[in-house]
Every structure is written in C-alpha cells, then in structure tokens.
Amino acid sequence: MGVSLEGENVILVPYMKEHVPKYHQWMQDPALLQATGSEPLTLDQEYDMQLSWTQDPNKRTFIVLEKQLISGDFVHGQAHIEAMVGDVNVYMNDLDDPQLAEIEIMIAEPKSRGKGLGKESVLMMMAFAVETLGIHTFRAKIGESNRASLDMFCKLGFSNASFSEIFKEWTLELLVTKAKQDELQHYIGDRVTHL
C-alpha cells in the first residue's frame, strides 16, 4: 500500500485506482491541461497511467488530500475521494544523475488554491524524497504563464536554470544544501507517517 504522509493541512496518500475517476475529471479541464503540460487521456488510459506510476521505481506520486475536507477520521488505505484536491510527484529520469528528481504539483480544485496546500505538499514531498530516495537536486519545469507555480517555487529557493522558447517553460532547480536539508527536516519531524 505504501505510506501516507500527514502534515498540518494536507495528507499525501498513495495514488489508488479509486482516485482515477476524479483525477480523470480534473484532466478534462483545458486550463489544467495547459498548466500541467498534459495531453487529455481516456479513462482507460488514465487507469493505465495510475498503474504505471505505482509500479515504476523511478516515480513517486501522492494524491493531495485537504485535511479539513475529510469526512470522519482519516484511515490509511482508504481513498478519501471527498478530500482530493490535487497531486504531487517526483520522478528520477536523469540517467546521468539518479539523485536528481523532477518535482510537480497540481492543486486541481479551485476552492483549495491560495491556501498554501501546494507549498506544504511540495515541502513534504521534498523531505520524503531526500530522506527515502537520497535526492540532492530538485528540478521543476513550469509553463511561463503559470505565475502561481513560478512564484511558489522561487519562494521555496528554486532558481532559474533555463528557459525553453519551444515549450515556453522555465526549468527551475534547487540544490539540497545542508541548510535546505535542515529546513526540510522540520517537515520530516512534524509529519505523521501512516504505514
């Protein structure tokens, strides 16, 4: 089943097949497709994608739950679809540097944006990736029109590495220094891990 990571305002849970219909619904929104650089998929393709993400050793994905939207108590292993607001991912796709991870965040539910849930989710994912995968560099690729994500990643300490005119996207990077590792330790120490 994997782990769930509980923070102050979010719980990151493994991406389960029960999440796919709502996720698929989100990914019909043209604005989300553009912001995430995604192509629309059929529901069957989305189920295949969910399975591939859970089986690929070079990918980690969590569904972001907004804690205040959970009905009743949180139970690890239950989907809690009512509280789904987005996802956060890392993937290690650099063959020259297996400790470099690309990180992505999506807060799909408009009512859940602007509350700091994306920032908390990214920091929790970074702490998890440093602790469990030994990641030393994070990379984020963000479309130039996605100001909210660009601003958030810059505030987290990411800096501009390059800009692609073809894709109209910025590549931002963050080296995990000792100071950053100490900062992330806060998110490891304060979170509750459900096994």
(message) Given W170, which partner from the list F158, F153, F163 fulfils the ring pair (Phe, Tyr, Trp, His ring centres under 6.0 Å) test?
(response) F163
(request) Please determine if E173 and R139 form a salt bridge, counting it only when a charged side-chain N lies under 4.0 Å from a carboxylate O. (result) yes
(request) Spell out, yes or no, whether L133 and L100 are grouped together once hydrophobic residues are joined by side-chain heavy atoms under 4.5 Å, including indirect joins. (result) no
(request) Of all the heavy-atom pairs spanning L150 and G143, show the shortest one and how long it is. (result) CD1-O, 3.8 Å
(request) Using a 4.5 Å cut-off on heavy atoms from C-beta on, say whether the side chain of E104 contacts that of V88. (result) no
Taking distance alone, no hydrogens or angles, what donor-acceptor pairs closer than 3.5 Å link side-chain atoms of residues 63-75 to residues at least two apart or in another chain?
unit_1, atom_1, unit_2, atom_2, d
E66, OE1, S112, OG, 2.6
E66, OE2, Q68, NE2, 3.1
E66, OE2, K115, NZ, 2.8
K67, NZ, E6, OE2, 3.0
K67, NZ, G7, O, 2.8

(message) For residues M16 and M49: do they belong to one hydrophobic cluster (side chain heavy atoms under 4.5 Å, members Ile, Leu, Val, Met, Phe, Trp, Tyr)?
(response) no
(message) Using the salt bridge (Lys or Arg N to Asp or Glu O under 4.0 Å) criterion, which residues pair with K111? Sequence neighbours excluded.
(response) E109
(message) Taking the side chain as everything from C-beta on, heavy atoms only, tell me whether Y23 gets closer than 4.5 Å to Q50.
(response) no
(request) Would you check if V90 and K59 make a side-chain contact, meaning some heavy-atom pair closer than 4.5 Å? (result) no
(message) Under a 4.0 Å threshold between the charged nitrogen and the carboxylate oxygen, would K155 count as salt-bridged to D151?
(response) no
(message) Quick test of your reading: applying ring pair (Phe, Tyr, Trp, His ring centres under 6.0 Å), list the pairs with at least one residue in residues 85-125, sequence neighbours left out, ordered by first then second residue.
(response) W53-Y91
(message) Using every non-hydrogen atom in the two residues, find where L184 and A127 come nearest and quote the distance to one decimal.
(response) O-CB, 3.6 Å
(message) Is there a side-chain contact between V10 and M124 in this structure, where contact means two heavy atoms from C-beta onward sitting under 4.5 Å apart?
(response) yes
